[in-house]
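Reading through the C-alpha cells given below for one structure.
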Amino acid sequence: MTTMLRELRLSLNQTQRVRLQSALQRLQDMASLASAVTVVADTIPVNHEDSILKGHGTSDLNGEVVATLCGVVERVNKLVYVRAQRARYKPEVGDIIVGRVIEIAPKRWRLEINFSQDAVLMLSSMNLPDGIQRRRTAVDELNMRSIFEENDVICAEVRGFQHDGSLHLQARSQKYGKLERGMLLTVPAYLVKRRKQHFHHLENYGVDLILGCNGFIWVGEHVNSNGGNDMMVDQENRGLVNKSEVGQATCEVQEQITPLEIRKHVCRVANSVRLLCALGFSLTVEVIVDTVEASISSNTDIKDILAAEFYVQTAEREVQRRVSLTRRKG
C-alpha cells in the first residue's frame, strides 16, 4: 500500500491516508479471493492429472507444476498458464490501436504505438480521400503528407506482423483515420482489456472515447460521419488547396473551434481516466462514465478530480461496487 501511495504523490492528511489504505486493502483482498493469484515458485494444483499442458509462466519441478511468473492462474481444458497482471502490450490481429505518426516513408507511414517496435501503415492499406477504390499511383505517394503528417494522431487496426516483428496496420473503414480536437492519454496497456467495442460516443457529453488496446486513449469532440467521413473530406480539401488559397483555408480552420462546454467535458473525462489509471483500476467505459458522473454529482471541479479527497472517494466507491456485485452473484 505504501508503494501505491508513493506513486500517487498525493498530499493526504492522516484521515484520508487511513481511508485510502483501508479501501485499497479491501480491493486487494477481494481480488485475491476472486482469482487464484500466484507468485514465483508457487505450486499450481492440477490434481495429478495426466497429459497436462504447461503453458506460459509455468514450469515442471520434481513432477509438480510451479509458477515462474506472478499473476493469475488460468486454465483452458488441459492447458494451464499464468497470466501476468501487469505486462507490456502484446499485439494481436484485430486490435484497435491509437498511434502517432513519427515518419513518412515511401508508400507508408511509421507510427509510435507504445510497443517495442514502431508500426507501419501502408498507403495501400487505407482509404484515399476521394473514396474511390483504385491502385495507388505516384501522385498519391507524393500527396501522402496531405493525408497524414508528422505528429498526427491516428486510429487503426492491427492487420498482421511484418518479417522484422513490426506491426502492419490497416485503416480501410470510416471509423479509422486521423483524430483531431481532443487529447491523447498514455496508460499501461494492461489496464485496457480487449472487448468487442473500443469506440464509444458519450452522448451526454458530446465526447468520443477510444480505448486503444496499446494503452493510448483518445478523448475528443464527437465527430459526425453522416454516410460520409468528414475527416476524409477535410483531407481531400487539404490536398487540393493551392498557395493562393492558403489564407482562406486558414480562416476556415479557425472557425472550426470546439465549444467551451465540450472542451470542459473532454478535460473532465481525461482527468477521470488519469485518476483510474493512478489507482490501477481497469479502464472500461462503464467505470469511466461512473467516475465522470460522480464528479459532477458531487460538484467536483475538473482540477479537483485529481485531488486527494476525490481519489479516496473513488477507491471507496469501487469497494462498494464490488461488494454489491458479489452479493448479487451470491
Side-chain angles (χ1 to χ4, degrees), residues 53-58 69 71-72 74-128 131 133-136 140 144 147-148 152-179 184-201 208-219 223 225 229 231-232 282-285:
L53 301 176
K54 294 177 286 295
H56 180 70
T58 66
L69 287 176
V72 178
E74 301 281 0
R75 182 164 180 169
V76 180
N77 296 327
K78 293 287 186 179
L79 175 65
V80 177
Y81 66 97
V82 178
R83 174 175 54 83
Q85 291 184 312
R86 298 190 177 190
R88 298 186 64 180
Y89 172 57
K90 295 181 181 178
E92 294 183 7
V93 175
D95 278 358
I96 305 299
I97 63 102
V98 177
R100 186 188 295 275
V101 177
I102 58 175
E103 181 187 0
I104 301 178
K107 297 182 180 180
R108 72 195 66 194
W109 293 270
R110 192 170 296 277
L111 279 70
E112 175 196 356
I113 61 164
N114 197 28
F115 183 51
S116 56
Q117 297 192 53
D118 297 330
V120 171
L121 175 62
M122 302 295 295
L123 178 61
S124 58
S125 297
M126 66 160 295
N127 288 331
L128 293 177
Q133 297 296 326
R134 56 178 172 77
R135 294 180 63 88
R136 276 45 172 176
D140 295 324
M144 284 177 60
I147 304 175
F148 302 135
D152 279 352
V153 179
I154 296 174
C155 178
E157 178 182 325
V158 176
R159 180 179 179 182
F161 300 88
Q162 306 229 76
H163 62 277
D164 61 352
S166 60
L167 297 188
H168 188 188
L169 307 178
Q170 68 92 7
R172 288 190 173 276
S173 171
Q174 289 186 352
K175 63 183 179 180
Y176 303 133
K178 183 177 177 181
L179 303 173
L184 179 65
L185 306 174
T186 303
V187 304
Y190 62 82
L191 294 180
V192 181
K193 307 302 180 185
R194 291 181 174 88
R195 305 183 76 177
K196 292 183 178 179
Q197 183 62 260
H198 285 263
F199 295 88
H200 304 283
H201 173 207
D208 282 339
L209 174 67
I210 303 177
L211 302 175
C213 293
N214 58 327
F216 281 175
I217 293 180
W218 176 260
V219 185
V223 177
S225 55
N229 197 328
M231 177 200 68
M232 289 299 181
S282 293
L283 297 173
T284 64
V285 64

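Along the sequence shown, the residues carry numbers beginning at 1.
Partners of F199 by side chain to side chain contact (heavy atoms under 4.5 Å, CB included), not counting sequence neighbours, listed by chain and number: I96, C155, K175, Y176, Q197, I210. For S124, the side-chain hydrogen bond (donor to acceptor under 3.5 Å, both in side chains) test picks out no residue, with sequence neighbours left out. Checked against salt bridge (charged side-chain N to carboxylate O under 4.0 Å, His left out), R194 has the following partners two or more places apart in sequence or in another chain: E92, D95. A search for side-chain hydrogen bond (donor to acceptor under 3.5 Å, both in side chains) contacts involving S166 returns D164, not counting sequence neighbours. By the ring-ring contact (aromatic ring centres under 6.0 Å, His included) test, H200 pairs with no residue at all, sequence neighbours left out. Among residues two or more places apart in sequence or in another chain, the side-chain hydrogen bond (donor to acceptor under 3.5 Å, both in side chains) test is passed with R100 by none. A search for salt bridge (charged side-chain N to carboxylate O under 4.0 Å, His left out) contacts involving R110 returns E103, not counting sequence neighbours. The side-chain hydrogen bond (donor to acceptor under 3.5 Å, both in side chains) search around R108 returns none, not counting sequence neighbours. The side chain to side chain contact (heavy atoms under 4.5 Å, CB included) check on L69 picks up H56, V82, with sequence neighbours excluded. Partners of Y81 under the side chain to side chain contact (heavy atoms under 4.5 Å, CB included) rule, at least two apart in sequence or in another chain, are E74, V76, L79, R83.
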**Asked** What do the steps show when you test V120 against L167 for side-chain contact (heavy atoms from CB on, under 4.5 Å), and what is the final call?
**Response** CA-CA 6 Å; V120 171; L167 297 188; over 6 Å; no

**Item:** side-chain contact (heavy atoms from CB on, under 4.5 Å) between L169 and I97, worked out
**Value:** CA-CA 9 Å; L169 307 178; I97 63 102; 3.8 Å; yes

**Asked** Can you check side-chain contact (heavy atoms from CB on, under 4.5 Å) on V101 and I154, steps first, answer last?
**Response** CA-CA 7 Å; V101 177; I154 296 174; 3.2 Å; yes

**Asked** Can F216 and T186 be said to form a side-chain contact (heavy atoms from CB on, under 4.5 Å), step by step?
**Response** CA-CA 5 Å; F216 281 175; T186 303; 3.4 Å; yes

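Taking the side chain as every heavy atom from C-beta outward, V192 and V187 approach each other to under 4.5 Å. Residues W109 and M122 are not in side-chain contact: their nearest non-hydrogen atoms beyond the backbone lie 4.5 Å or more apart. Between F161 and H168, the closest side-chain pair of non-hydrogen atoms is not below 4.5 Å. Contact of the M126 side chain with the R172 side chain is not registered, since no non-hydrogen atoms from C-beta on lie closer than 4.5 Å. Side-chain contact between I104 and F148: absent, with no pair of heavy atoms (C-beta onward) separated by less than 4.5 Å. In this structure, the side chains of I217 and L209 come closer than 4.5 Å at one or more pairs of heavy atoms. Side-chain contact check for W218 versus V153: some heavy-atom pair is nearer than 4.5 Å.
The CG atom of L111 sits 9.5 Å away from the CG atom of D152 when rounded to the nearest 0.5 Å. Considering NZ of K78 and CG of L53, their distance stands at 8.5 Å, rounded to 0.5 Å.
Across every non-hydrogen atom of L211 and H198, the tightest pair is O-ND1, 2.7 Å.
No donor-acceptor pair closer than 3.5 Å links the side chain of N214 to the backbone N or O of F115.
Atom NZ of K107 has 12 or fewer heavy atoms from other residues, nucleotides or ligands within 6.0 Å.
In the model, R159 has a side-chain atom that pairs as donor or acceptor with a side-chain atom of S125 under 3.5 Å.
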